[in-house]
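In what follows, every chain begins at residue 1, and chains take the letters A, B, ... in the order their sequences are listed.
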There are 2 protein chains.
Amino acid sequence: MGRNIVGDRVAGNRHDRSSDEHEESATGGLPAAAPGAPAGGTGTGTDVPASHPPDGRSGADPGPGVGTAEARPGGRAPGHDRRRAALDGGGRRRASRAGRGARARTIRNARRAVTLDDVARLAGVSLATASRVLGPGSARRVGSELRERVERAARQLGYTPNLVARSLAHGASDLVGLLVPGLSDPQFAALADGVLRAAERDGLAVLVGAGRRDPERELAHLATLRAQRARAIVLAGIETADAHGAARLRAELERYHATGGRAVRVGRAAPAGEADDLPADLVVPDDREAAARLAQALAALGHRRFAVLAGPSEHAEARERVAGFIAGLAGAGLPAPRILHASGDREGGRAAAERLLAAGADATCLVAVSAALAAGALAALRDRGVPVPEAMSVAAFGDGPVPPEVSSLTVVRPPLERMGERALDLALRPAGAAEPYRRRVVAVPGEVVIRESVRRIG
Amino acid sequence: MGRNIVGDRVAGNRHDRSSDEHEESATGGLPAAAPGAPAGGTGTGTDVPASHPPDGRSGADPGPGVGTAEARPGGRAPGHDRRRAALDGGGRRRASRAGRGARARTIRNARRAVTLDDVARLAGVSLATASRVLGPGSARRVGSELRERVERAARQLGYTPNLVARSLAHGASDLVGLLVPGLSDPQFAALADGVLRAAERDGLAVLVGAGRRDPERELAHLATLRAQRARAIVLAGIETADAHGAARLRAELERYHATGGRAVRVGRAAPAGEADDLPADLVVPDDREAAARLAQALAALGHRRFAVLAGPSEHAEARERVAGFIAGLAGAGLPAPRILHASGDREGGRAAAERLLAAGADATCLVAVSAALAAGALAALRDRGVPVPEAMSVAAFGDGPVPPEVSSLTVVRPPLERMGERALDLALRPAGAAEPYRRRVVAVPGEVVIRESVRRIG
DNA sequence: TTGAAAGCGCTAACAG
DNA sequence: CTGTTAGCGCTTTCAA
């Protein structure tokens, strides 16, 4: 089709990729790079490739006139004293750099970045002093006189520390890693958002990898994070089904751990008995506490008599929720609810709700331990002509995507963001020198979200 | 409340943070680190702090018995030849390292990572050769004999390249940056997912920052990305309202550009006239093409007569969509649709739909240029007793979160993932040496999602 | 091919 | 408080 996209200005549209997209170039607002001579040794006229030090450093400060900076369009700020090096003999540094840097620069058409060395020289101080002023752990003992000179110089040159160099020298990066199946699932996106938030608080940058539920890819990402020397890694949604995969994952995490890294997994604890011995801490939802809070919240709205759709009695998660709910009621001085077991699916919810109605329920509020059960119960109530919330309030645990038809359902929402935050916090908090390694587990209660399906009583 | 979360096992629960979460430690499956003597010079008995080279390197390979590796629980693989250094006098390297590394290691209780140097020595080759084998751009000329020795040594030691060092030496990192308001908005999460996908294809890692709609924070993240030497940056949802903020953003991006970085913005083009002169390429949705495709799709379903709820006639975006739709119909040999203008909100949609019905519509399909208009139209149809899709099909452009009541609406979905992918691709593709800087623009058509609100005709 | 050596930009001893 | 110096681990000339 090949139309261009900016009004009706015509441009040569060359199709690209899937011939699906249109592309256009337009002269932008950015000033051109200096069109004159390239900054480095190439093309200086003197053809002395090896011995000539095109990138040598002068010992003296560059004198006045250098570094108006801040944003010098097309200028050649720190470049010019480089040329003086040949004149004053290379000063205090061994003068013998190959022109590689300069040449590469010319190719990529990008100015060489301002280094700490540039700043130090302009300020007339040693590299160490400049580092003390500009480096991490800001407030290190440097005389205010020099400190200011350094700061001015840095500002003037538009200095930005090279964090890569910093990391290498310091021996630890400011990076943390996050491995999730992907970000298109809002659940993992929410979790990621929490990790981002926690990282920002600590001044760390987050490397995100998408495992796409592919063990190979997950392992590769983990290896990359390790290679990047990420300080901590948060994993979520990584479920190795087969034993082989689990072993490989375990090995990878052990390697990571061995080099001082700390990994934290987010998710439900593995079913008892399963080999869940990964060297990673764990952040899990605290169903029990969340259930207790739900009970409290409902009690606060005036409800006194409850029925609980508990699903199958052998379901551990469900049991936790029921127990927590009962405890919460007890805490509010209320009697235990009526418990109805059934299959864990929608039909189970329907059946249980019908049983409840048939039995002549005196409950004012129905609590389902899962969204599926709640959906079934809602259907039963509708069929029986019991209006929600007028005649019956309904609440549920909202794990998994909540079906649209119950978007007004009061739920306990899984605390994704908080789990993400806590996971990173946990990973970053030193584990103490206690040997042997002890896995730490943090449980985060879900959030009670009261919506229209629950009414206030009294 | 302080219960513990694993069954009924009791543990010392210390409250943490908001007293909201429970924590527990449990002895895990990870073997303890070697409990014996620390790996470094500390505690060797000889008390010669400075001149003694605790970390000196032996020139010989460590001999048999070293490096069973791959996953050696509790062992001290590369550590042991370090101790031999004092005996054989430090070999060919200048022997004068301070014991810093070793000491820090002891503190952090982590083995020093295996370096390329370790591998080279074990393989009995030079650092350069090892680098040539294990470094990037794999297939460099190295004799198969040595190559294999190096590879074996690497495997044996469990070598993982230090990407930080690599980046510093190479002068370019394998990182790209992504700046979004946050990931809790599924739109940006989807976009981020696209960026992740594209990055993975290119073997790059993605640093994600959340600007939280705060210019200060956005700038800070951008600076960090620049400092990390990210090769490319993708920005989305960064809208600087005031001129000052815009100028700062511009300055920041120019700096980034000056050091060779390439930024790409994702989103609608700025309204004409606005100072949208950021030195960043642009990826935008191609409404026109998407609208044409919608027309095609609907025509393919048998629809022949359409009505378009076009919103206010001065809305540029809406105009594009209408124009594209008309063009699409024309392409299918169909006549122009009936165009109905109204206000751009829900009420406008309702009013327009009512006008259409009142006029005795012969259209079989209603297309709204926004979800809000569609919602209004659906309401009107419902009120008038016109069943959708039986008596009238409805489709819309799905920008913004689609209201739940229209979750079965046929829409043109904004191509978030693809825009993310394309953005990174664009940033990574060299811009060519063309001076002056030309902003490139890529338009990506949205995806047509046919749902129940449209029926097949004939 | 291979090895020796010079850095990448920064931090952190160590010595004044 | 300030400067000197030795690296961090790797890539890449340059010379053999």
Side-chain angles (χ1 to χ4, degrees), chain A residues 49-51 53 55-57 92-101 103-105 112-120 123-137 140-147 149-150 159-173 227 229, chain B residues 49-51 53 55 57 92-101 103-104 112-120 123-137 140-147 149-150 159-173 227 229:
Chain A
S51 55
D55 203 8
R57 308 292 179 91
R92 66 191 185 213
R93 311 275 282 194
R94 322 182 208 62
S96 67
R97 299 194 184 183
R100 167 168 70 89
R103 207 171 308 139
R105 223 172 297 139
R112 166 180 148 291
V114 176
T115 73
L116 189 58
D117 200 73
D118 297 327
V119 174
V125 301
S126 76
L127 190 60
T129 297
S131 171
R132 288 187 186 106
V133 175
L134 267 18
R140 272 173 304 179
R141 49 269 159 35
V142 169
S144 55
E145 153 75 17
L146 290 191
R147 151 162 262 117
R149 285 227 306 269
V150 170
Y159 170 70
T160 306
N162 182 330
L163 296 189
V164 176
R166 182 116 106 202
S167 293
L168 182 57
H170 184 70
S173 80
R229 298 297 185 261
Chain B
S51 54
D55 203 8
R57 308 291 178 92
R92 65 192 183 210
R93 309 278 280 191
R94 328 180 204 65
S96 67
R97 301 192 184 183
R100 166 166 71 89
R103 207 173 305 139
R112 165 179 147 293
V114 176
T115 72
L116 189 58
D117 200 75
D118 297 325
V119 175
V125 301
S126 79
L127 191 58
T129 298
S131 171
R132 289 196 266 256
V133 175
L134 266 17
R140 270 173 305 179
R141 50 266 157 39
V142 169
S144 54
E145 151 78 16
L146 291 191
R147 151 162 264 117
R149 285 225 311 265
V150 170
Y159 170 70
T160 307
N162 183 330
L163 295 188
V164 176
R166 182 117 107 201
S167 293
L168 182 57
H170 183 70
S173 80
R229 299 296 186 261

Report the distance from atom CG of B:L127 to atom C1' of D:dC8, rounded to the nearest whole Å. 13 Å
Spacing between B:L168 atom CG and D:dT11 atom C1', to the nearest angstrom: 10 Å
Residue B:V142, side-chain heavy atoms: nucleotide from D:dT2, D:dG9, C:dT2 that is nearest: C:dT2
Below the 4.0 Å mark, does C:dG3 have OP1 or OP2 next to a side-chain nitrogen or oxygen of B:T129? yes
Contact nearer the 5' end of DNA chain C, comparing B:R229 with B:S144: B:S144
Contact under 4.0 Å: A:R166 side-chain N or O vs C:dT11 OP1/OP2: yes
Is any side-chain N or O of B:R132 under 3.5 Å from a base N or O of C:dG3, one able to act as donor and the other as acceptor? yes
What residues, two or more places apart in sequence or in another chain, satisfy side chain to side chain donor-acceptor pair (under 3.5 Å) together with A:T129? A:S126
When rounded to whole Å, the CG to P distance for the pair A:N162 and C:dC8 reads 12 Å
Which residues pass the side-chain contact (heavy atoms from CB on, under 4.5 Å) test with B:A120, sequence neighbours left out? B:V125, B:A130
Length of the OH-C1' vector between A:Y159 and C:dG9, whole Å: 7 Å
At what distance, to the nearest 0.5 angstrom, does NE2 of B:H170 lie from CG of B:L163? 12.0 Å
Taken to the nearest whole Å, CG/B:L134 to P/D:dT11 is 9 Å
Whole-Å gap separating P (C:dT2) and CZ (B:R141): 10 Å
Side chains of B:N162 and B:T115: does their closest heavy-atom pair fall under 4.5 Å? no
Keeping A:R149 on the side-chain end and A:A123 on the backbone end, is there a donor-acceptor pair under 3.5 Å? yes
So do the side chains of A:L116 and A:P161 get within less than 4.5 Å of each other, counting heavy atoms only? no
Closest to side chain of A:A128, choosing from C:dT2, C:dC10, D:dG3: D:dG3
Going from CG on A:L134 to CZ on A:R166, what distance comes out if it is rounded to the nearest 0.5 angstrom? 8.5 Å
Tell me the interatomic distance from B:L116, atom CG, to D:dG9, atom C1', rounded to whole angstroms. 8 Å
Can you tell me if B:S126 touches the phosphate of C:dT2, counting only side-chain N or O atoms and a distance under 4.0 Å to OP1 or OP2? no
If an axis is fit to five pairs at each end of the helix from C:dT1-D:dA16 to C:dG16-D:dC1, what is the angle between the two, to the nearest 10°? 40°
Nearest 0.5 Å, what's the CG-OG distance between A:L168 and A:S173? 11.0 Å
Side-chain N or O of B:H170 closer than 4.0 Å to phosphate OP1/OP2 of D:dT12: yes
Looking across every strand, which nucleic acid part, if any, lies under 4.0 Å from B:L146 by heavy atom: base, sugar-phosphate, or nothing? sugar-phosphate
Without decimals, in angstroms, what is the distance between A:E145 CD and D:dT2 C1'? 13 Å
If you only use heavy atoms from C-beta on, which nucleotide in C:dG9, D:dG3, D:dC10 is closest to the side chain of B:A169? D:dC10
